[in-house]
Amino acid sequence: FLVLYWLYIFPVYRLPDEKEIVPEVLRQQGRVWRRNLSAAAEFRKLLKDCCDPSHLFAMTKQNSPVGKRVWYDGEFLYYNTIDNETFSLFPKVIPFQLPLKRCHVVGNGGILKNSRCGKQIDQADFVMRCNLPPLSNAYSNDVGSKSQLVTANPSIINKRFQNLLWSRKTFVDKVKVYNQSYIYMPAFTMKTGTELSLRVYYTLTDVGAKQKVIFANPNFLRDIGKFWKSKGIHAKRLSTGLFLVSAALALCEEVTIYGFWPFSMDLHGRYISHHYYDNILPDTGFHAMPEEFLQLWLLHKRGVLRMQLERCE
Ligand code: CTP
């Protein structure tokens with residue numbers, strides 16, 4: 001009885017792997033994919049009801065007035081009270097013209113390497129990318145160069161740019177590749193990330209950079225997490241990619257996703273790297289990317305979004 005009770009509380013999940021997924025994907029690839037406008041509208045409504053992305057995607061003067069307590073979504077017991085200084089950094093409302101039209105969300109999967117999808121990705125009205133990915137000429141053929149929104153976790157600023165404590169020039173130069181993009185930072189996920197995110201903000205505004213920092217609203221991140229949990233994604237935290245796809249499904253009329261394939265072989269049995277730019281694997285036990293993939297795949301099959309897995313010619 002105790003074992004059954006244990007399994008009920010902490011169920012053991014077997015994550016799907018490519019051996020199960022590839023045949024299913026190949027079967028479906030043979031069919032003509034069609035966008036299903038009513039299914040997309042239905043899903044948009046679900047996201048609107050749970051998470052109100054058009055108002056809560058980012059911290060704004062409207063949703064985060066001075067004096068508001070903002071609870072960190074990655075830590076219990078800590079909150080930040082919005083003061084005049086922080087408030088002055090928020091845009092009045094979400095700074096995009098909504099609804100966005102054609103959005104492409106680009107994950108960092110190794111499936112993009114040699115995909116020749118760059119041109120196709122750049123044809124979108126709005127391109128979203130994850131975690132300040134490399135976009136140099138060496139990759140543009142496969143991943144494009146356009147970017148309207150790119151996420152940056154404070155941990156990246158720590159690892160790659162020494163918390164911006166020393167020279168900030170390298171950082172300012174590196175982000176030039178994102179042109180006029182918004183840099184979307186989860187400043188209120190962990191207490192330690194707030195100061196770092198504000199530093200990124202000031203670094204870029206002080207030099208008059210074209211990129212603008214906006215901060216993720218932790219209530220939005222928390223609600224999106226709950227939404228997917230209710231659909232069976234069991235992970236400590238959702239991946240950045242799934243957050244972005246969820247936001248895109250709510251904010252955009254059409255969504256296509258690239259680079260979402262958390263498996264070690266492609267559809268034709270060829271080994272691929274984890275990222276299109278390196279093969280550093282994610283920490284285990286943090287995300288549940290194969291489960292996330294299955295949910296995205298279901299949305300592809302229902303015509304809610306289109307997932308590009310093959311090369312683009
Ligand atoms: N991704 C994927 N398949 C891969 C690699 C990445 O589907 N082989 C998606 C995931 O949704 C991921 C996103 O692309 O969130 C960005 O990739 P990456 O920068 O590697 O994200 P992580 O560092 O693993 O983590 P996080 O999601 O916490 O930012």
Side-chain angles (χ1 to χ4, degrees), residues 33-65 68-74 82 90-107 124-130 148-151 182 184-189 214-235 237-258 260 288 291-307:
W33 181 88
R34 282 209 181 81
R35 203 169 291 282
N36 182 335
L37 291 180
S38 57
E42 234 169 70
F43 201 78
R44 194 173 304 125
K45 167 95 173 49
L46 284 182
L47 287 167
K48 182 171 182 282
D49 292 348
C50 79
C51 316
D52 196 8
S54 56
H55 293 109
L56 297 184
F57 176 64
M59 303 288 280
T60 62
K61 289 196 163 64
Q62 196 183 57
N63 65 37
S64 305
K68 183 172 171 142
R69 276 185 186 181
V70 178
W71 290 88
Y72 287 94
D73 70 309
I82 301 300
F90 301 157
K92 221 166 147 201
V93 291
I94 305 289
F96 320 132
Q97 185 76 39
L98 298 177
L100 299 167
K101 307 279 180 231
R102 266 184 317 162
C103 296
H104 290 177
V105 185
V106 188
D125 302 302
F126 202 88
V127 180
M128 303 184 184
R129 301 183 188 263
C130 307
Q148 268 85 13
L149 183 133
V150 58
T151 68
Y182 286 100
Y184 183 67
M185 296 200 69
F188 301 95
T189 290
I214 50 172
F215 305 113
N217 189 317
N219 294 334
F220 172 71
L221 301 182
R222 191 180 299 116
D223 290 344
I224 290 285
K226 282 192 204 153
F227 174 82
W228 285 111
K229 196 167 193 177
S230 75
K231 306 228 166 290
I233 293 186
H234 302 274
R237 205 170 171 73
L238 289 190
S239 76
T240 301
L242 188 58
F243 274 120
L244 273 195
V245 175
S246 310
L249 286 170
L251 304 176
C252 310
E253 286 176 356
E254 285 181 19
V255 178
T256 305
I257 67 175
Y258 300 81
F260 285 82
E291 281 183 332
E292 292 187 1
F293 175 85
L294 278 187
Q295 292 293 330
L296 294 172
W297 179 247
L298 288 177
L299 293 176
H300 170 90
K301 282 205 326 189
R302 284 170 51 201
V304 173
L305 55 73
R306 192 171 80 76
M307 181 186 276

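- Between the side chain of Q148 and the main chain of V127, a donor-acceptor pair closer than 3.5 Å is present.
- Not counting sequence neighbours, the partners of R35 by the salt bridge (charged side-chain N to carboxylate O under 4.0 Å, His left out) test are E254.
- Applying the disulfide (SG to SG under 2.5 Å) test to C103 and every residue at least two apart in sequence or in another chain returns C252.
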| request: Show your working on side-chain contact (heavy atoms from CB on, under 4.5 Å) between L149 and I214 and close with a plain yes or no. | output: CA-CA 10 Å; L149 183 133; I214 50 172; 4.3 Å; yes
Below 3.5 Å, can you tabulate the donor-acceptor pairs from side chains in residues 43-50 to any protein atom, sequence neighbours excluded?
unit_1 : atom_1 : unit_2 : atom_2 : d
K45    : NZ     : D49    : OD2    : 2.7

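- Residues passing the ring-ring contact (aromatic ring centres under 6.0 Å, His included) test with F243: none are found, sequence neighbours excluded.
- A distance of 4.5 Å separates CZ in R237 from OG1 in T189, rounded to the nearest 0.5 Å.
- When the side chain to side chain donor-acceptor pair (under 3.5 Å) test is applied to T240, no partner is found at least two apart in sequence or on another chain.
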Result block: side-chain N/O donor-acceptor pairs under 3.5 angstrom for residues 219-226, not counting sequence neighbours:
unit_1 : atom_1 : unit_2 : atom_2 : d
N219   : OD1    : R222   : NH1    : 3.0
R222   : NH2    : W71    : O      : 3.0

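- Side-chain atoms of E253 never come within 3.5 Å of backbone atoms of P99 as a donor-acceptor pair (strictly under, hydrogens ignored).
- S230 meets the side chain to side chain donor-acceptor pair (under 3.5 Å) test with no other residue; sequence neighbours excluded.
- For the pair L251 and S54, the minimum side-chain heavy-atom distance is below 4.5 Å.
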| Can you check side-chain contact (heavy atoms from CB on, under 4.5 Å) on V105 and F260, steps first, answer last? | CA-CA 9 Å; V105 185; F260 285 82; 4.1 Å; yes
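- Looking at every heavy atom in both residues, P186 comes nearest to A216 through CA-CB, 3.8 Å.
- Legend: residues meeting side chain to side chain donor-acceptor pair (under 3.5 Å) with T151, ordered by chain and number and at least two apart, are N131.
- F126 meets the ring-ring contact (aromatic ring centres under 6.0 Å, His included) test with F96; sequence neighbours excluded.
- L100 is not listed as a side-chain neighbour of D125, based on a closest heavy-atom distance of 4.5 Å or more.
- Across all their heavy atoms, A187 and F215 have their closest contact at CB-CD2, 3.5 Å.
- Every side chain to side chain donor-acceptor pair (under 3.5 Å) that D52 has, sequence neighbours left out, goes to H55.
- Legend: residues meeting ring-ring contact (aromatic ring centres under 6.0 Å, His included) with Y184, ordered by chain and number and at least two apart, are F57.
- The distance from atom CZ of R129 to atom CG of L244, rounded to the nearest 0.5 Å, is 11.5 Å.
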N/O donor-acceptor pairs under 3.5 Å from side chains in residues 297-304, not counting sequence neighbours:
unit_1 : atom_1 : unit_2 : atom_2 : d
W297   : NE1    : E24    : OE2    : 2.8
H300   : ND1    : M307   : N      : 2.8
K301   : NZ     : E24    : OE2    : 2.8

